[in-house]
Amino acid sequence: GPLIYLSVIGGIGGGPGGLRGAFSPGTTAIVAKNYGDQASRIQKLGMITSVGAFFSTFGGVLVIMRQYVEFLYGSTGSYRFLFGISAVLVFISLVSLLFVTERKTQNVKKKLITKASRKHLGKVVIANAANGAGIGLSMPILSLWFKVMYPYATSTEIGIVFTASYLSTALGSFLASRMKMEGRKAGKIGAYGRMFQGLFMIPM
C-alpha cells in the first residue's frame, strides 16, 4: 500500500506525462489483482489518485518558488534547479515501484479480450481515446492561452492556479472513493464531470 502511494508522488497517475503513462495502467492492474473485494479496490484507487493529486500541488508550489530561487541561480538556473528536484522525485517514484510486490494467483489462460467484456471495454477505449485527444490538445493550448491572455502574469500567479486545480482533484478523488453509490450512478457522475470539463473551456 504505502509503496504504491509513494510511487505516484511524482505526479497524478493517468495524467499526461511521458513514460508515466506506462506506470498508470500497471498501478491500476496491480491494485485490482492484490485487493480482491470491490470496496477495498475502490478505496485504494481513490487514495492513489488523491495522493498523486495532492503531491502534484508541489509542482505548483515549485513554480511559485521560482522567483525566489531566481535570486540564487538566475533565470535559467532557477528552472534547472527546479527541474532537478522534479527529476529526483520521479527517480524516487521509479525506485519505489521496484519494491511493489504482486500477489501470486493461479494462472488461467484466457483470451486477450473475452466476448463478455468486449462491448464494455470498447466503450471505455472510445471514451479514453477521445479524452486523451482532448487533454493532448488542451494542455499545450492552455499554456499558450495564459501567455496571450495574461502576458504580465507572474510564475507565482500561474503556480497558484495549478495548485488550486490539483487540490480540487485530490479532494474530489478522496471523496469519490468514500461515497457509496451504484455503478450506473457513478458512471453518470463521471460522465457529467468530463462533460463540464470540456464545456467550461468554451467560455474561456
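Summarising the geometry of Y35 relative to R41, their closest heavy-atom pair is O-CG, 2.9 Å, with the distance given to 0.1 Å. Of all the heavy atoms in K33 and R103, the pair that sits closest is CE-O, 3.3 Å. Among all heavy-atom pairs drawn from A170 and S50, the shortest one is O-OG, 3.3 Å. V61 and T163 get closest at one heavy-atom pair: N-OG1, 3.7 Å.
Listed by chain and residue number, E70, S75, S78, Y79, L82, S155 satisfy the side-chain contact (heavy atoms from CB on, under 4.5 Å) test with R66 (two or more places apart in sequence, or in another chain).
Cluster annotation: F162 is connected to Y150 through the hydrophobic network of ILVMFWY side chains, with a link wherever side-chain heavy atoms come within less than 4.5 Å. Under the 4.5 Å side-chain contact rule for hydrophobic residues, I42 and V31 do not share a cluster. Cluster annotation: F196 is connected to I202 through the hydrophobic network of ILVMFWY side chains, with a link wherever side-chain heavy atoms come within less than 4.5 Å. Under the 4.5 Å side-chain heavy-atom criterion for Ile, Leu, Val, Met, Phe, Trp and Tyr, L62 and L72 are members of the same hydrophobic cluster. Residues I141 and I158 do not share a hydrophobic cluster, clusters being chains of Ile/Leu/Val/Met/Phe/Trp/Tyr side chains in contact below 4.5 Å.
Taking the six-membered ring where tryptophan is involved, the planes of F81 and Y73 are essentially parallel, since the angle between them stays under 30° and well short of 60°.
Listed by first and then second residue, the salt bridge (Lys or Arg N to Asp or Glu O under 4.0 Å) pairs that reach into residues 121-133 come to none, sequence neighbours excluded.
In this structure, the separation between OH on Y152 and CD on E157 is 13.5 Å, given to the nearest 0.5 Å. Taking CZ of R80 as the reference point, atom CZ of F83 lies at 11.0 Å (rounded to 0.5 Å).
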**Asked** F54 and F174: side chain to side chain contact (heavy atoms under 4.5 Å, CB included), yes or no, with the steps?
**Response** CA-CA 10 Å; F54 176 75; F174 180 76; over 6 Å; no
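The backbone N or O of S40 sits nowhere less than 3.5 Å from a side-chain atom of Q43 that would complete a donor-acceptor pair. No donor-acceptor distance shorter than 3.5 angstrom exists from the side chain of N34 to the backbone of A29, with no hydrogens or angles considered.
A 4.5 Å side-chain heavy-atom check between T156 and I160 finds at least one atom pair inside the cut-off.
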